[in-house]
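First comes the structure, then the notes that go with it.
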Amino acid sequence: MKNRRLVVGNWKMNPTTEEEAKEIARKVRRTVSGLGSIETVLCPPYIFVSAVRPSVKVPHFHVGAQSVSFLEGGSHTGEVGAQMLKDSGVEYVIVGHSEMRAIGDTDEIVSKKIAAVLEADLSPIVCFGEKIRDESGSHFNFLKEQMKNTLVNIPKSKSSKIIIAYEPIWAIGAAEAMKPEEIYEMSIFIKKIFSDIFSINLAHKIDVLYGGAVTYKNAFDIVKTGQIDGLLVGRESVNVTGFVELLKVVDSVPV
């Protein structure tokens, strides 16, 4: 996807009604159809996937899910499997988001979820990020270990479908996003780790997204100066006016 940038909207537990979900999706689809250099993925709550999915395929618009179970069918109350998501029209799945890690998703569980998503021939958007950032540089080692522990058992043959989302936890919901220059530094570091796990060739091909306090006001600098492959947007993605403007801004950055 190197000739196009990827913008992913993680709606989290929003909106309240199906009609609101449909309206947001309609406006986003209308915007995306007129843009030339981005792919857009909306990740609503499971219950709104069918409402967000268009009846006729819209170019450069996709539906994703916010999480997945690594378990197969059976007695697993409340769980949703990768094959179920695929059958509902989902193409991308967010895996390892910090909010899911906070309630029990270990590196091992995230690794199993990635494997399940890849087995269903879907694209996992795998989240990584440090809790704190200090002058000692401990965040580099934390990120390295988190990525290696999570990706070590993923077959090299399937690794090209992986999308990395760098979301420093301290920046999520913050007043300001990470500085673009630091984002660029971290994207290079992430690709170096990916290269160590898989290969240099595959590392050059993967997309690295940034997430954390992203808005239409800072998106241009994050993408251009940060030289990032796309964005994972949280709260701004259900603010339809702001998200539509963000999509236009990202589309205006030369690829």
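When reading the values below, keep in mind they use all heavy atoms of this one structure, side chains included, and skip hydrogens, waters and symmetry mates.
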Check your understanding: Looking at Lys12 and Glu99, does any basic side-chain N land under 4.0 Å from a carboxylate oxygen?
Key -> yes
Review point. Please, which pairs that meet side chain to side chain donor-acceptor pair (under 3.5 Å) have at least one residue in residues 192-203, sequence neighbours excluded?
Key: Lys192-Asp196
Check your understanding: What residue among Val110, Asp107, Ile190, Leu143 forms side chain to side chain contact (heavy atoms under 4.5 Å, CB included) with Phe128?
Key -> Leu143
Point to revise | Val7 and Leu247, any side-chain heavy atoms less than 4.5 Å apart | key: yes
Exercise for review: Determine yes or no for a side-chain-to-main-chain donor-acceptor pair under 3.5 angstrom, with Asp251 supplying the side chain and Gly36 the backbone.
Suggested key: yes
Review point. Going through the distances and angles, do Lys179 and Glu182 end up as a salt bridge (charged side-chain N to carboxylate O under 4.0 Å, His left out)?
Key: CA-CA 5 Å; Lys179 293 179 180 179; Glu182 294 176 339; 5.2 Å; no
Check your understanding: So which pairs with a foot in residues 162-175 pass side chain to side chain donor-acceptor pair (under 3.5 Å), sequence neighbours left out?
Key -> His97-Glu167, Glu130-Tyr166, Glu130-Trp170
Practice item. State whether Lys148 and Glu145 are salt-bridged, where the test is any N-O pair (Lys NZ or Arg NE/NH1/NH2 against Asp/Glu carboxylate O) under 4.0 Å. Key: no
Exercise for review: State whether a side-chain donor-acceptor pair under 3.5 Å links Ser138 with Asp134.
Suggested key: yes
Point to revise | Interatomic spacing from NZ in Lys112 to OG1 in Thr150 - rounded to 0.5 Å | key: 13.0 Å
Review point. So, does Glu39 use its side chain to make a donor-acceptor pair with the main chain of Arg5 at under 3.5 Å?
Key: no
Point to revise | Heavy-atom pair of closest approach, residues Ala82 and Leu122 | key: O-CD1, 3.7 Å
**Study point:** 4.5 Å side-chain heavy-atom contact, Met13 and Gln66
**Key:** no
Exercise for review: State whether Asp121 and Lys161 are salt-bridged, where the test is any N-O pair (Lys NZ or Arg NE/NH1/NH2 against Asp/Glu carboxylate O) under 4.0 Å.
Suggested key: yes
Review point. Arg53 side chain to Ser88 main-chain N or O, any donor-acceptor pair under 3.5 Å?
Key: yes
Exercise for review: State whether Arg133 and Glu185 are salt-bridged, where the test is any N-O pair (Lys NZ or Arg NE/NH1/NH2 against Asp/Glu carboxylate O) under 4.0 Å.
Suggested key: yes
Point to revise | Residue pair Thr17 / Glu20, side-chain donor-acceptor N/O under 3.5 Å | key: yes
Under 3.5 Å, which donor-acceptor pairs do the side chains of residues 40-50 form with other protein atoms, sequence neighbours left out?
residue: Tyr46; atom: OH; partner: Ser67; partner atom: O; Å: 2.8

**Study point:** CG on Asp229 to CD1 on Ile206, rounded to 0.5 Å
**Key:** 8.0 Å
Check your understanding: Just by distance, do the side chain of Arg235 and the backbone of Asn10 share a donor-acceptor pair under 3.5 Å?
Key -> no
Check your understanding: Are the side chains of Met178 and Met186 in touch, meaning some heavy atoms are under 4.5 Å apart?
Key -> yes
Check your understanding: Atom CD1 of Ile114 and atom OG of Ser159: how far apart are they, to the nearest 0.5 Å?
Key -> 11.0 Å
Study note, to complete from the structure: Output for pair (Ile94 CD1, Leu232 CG), nearest 0.5 Å, gives 5.0 Å
Practice item. Could you pull out the closest heavy-atom pair between Ile163 and Tyr92, with the gap in Å? Key: CD1-CE2, 3.6 Å
**Study point:** Positive for side chain to side chain contact (heavy atoms under 4.5 Å, CB included) with Val233, one of Leu246, Val250, Val238
**Key:** Leu246
Point to revise | N/O donor-acceptor pair under 3.5 Å between Asp87 side chain and Met84 backbone | key: no
Practice item. Any chance you could measure Phe70, atom CZ, to Glu79, atom CD, to the nearest 0.5 Å? Key: 8.0 Å
**Study point:** Lys217 bridged to Glu245 by N-O distance under 4.0 Å
**Key:** no
Check your understanding: How close do Tyr216 and Gly242 get, heavy atom to heavy atom, and via which atoms?
Key -> CB-O, 3.6 Å
Point to revise | Point-to-point distance, once rounded to the nearest 0.5 Å, from CZ of Arg29 to NZ of Lys22 | key: 10.0 Å
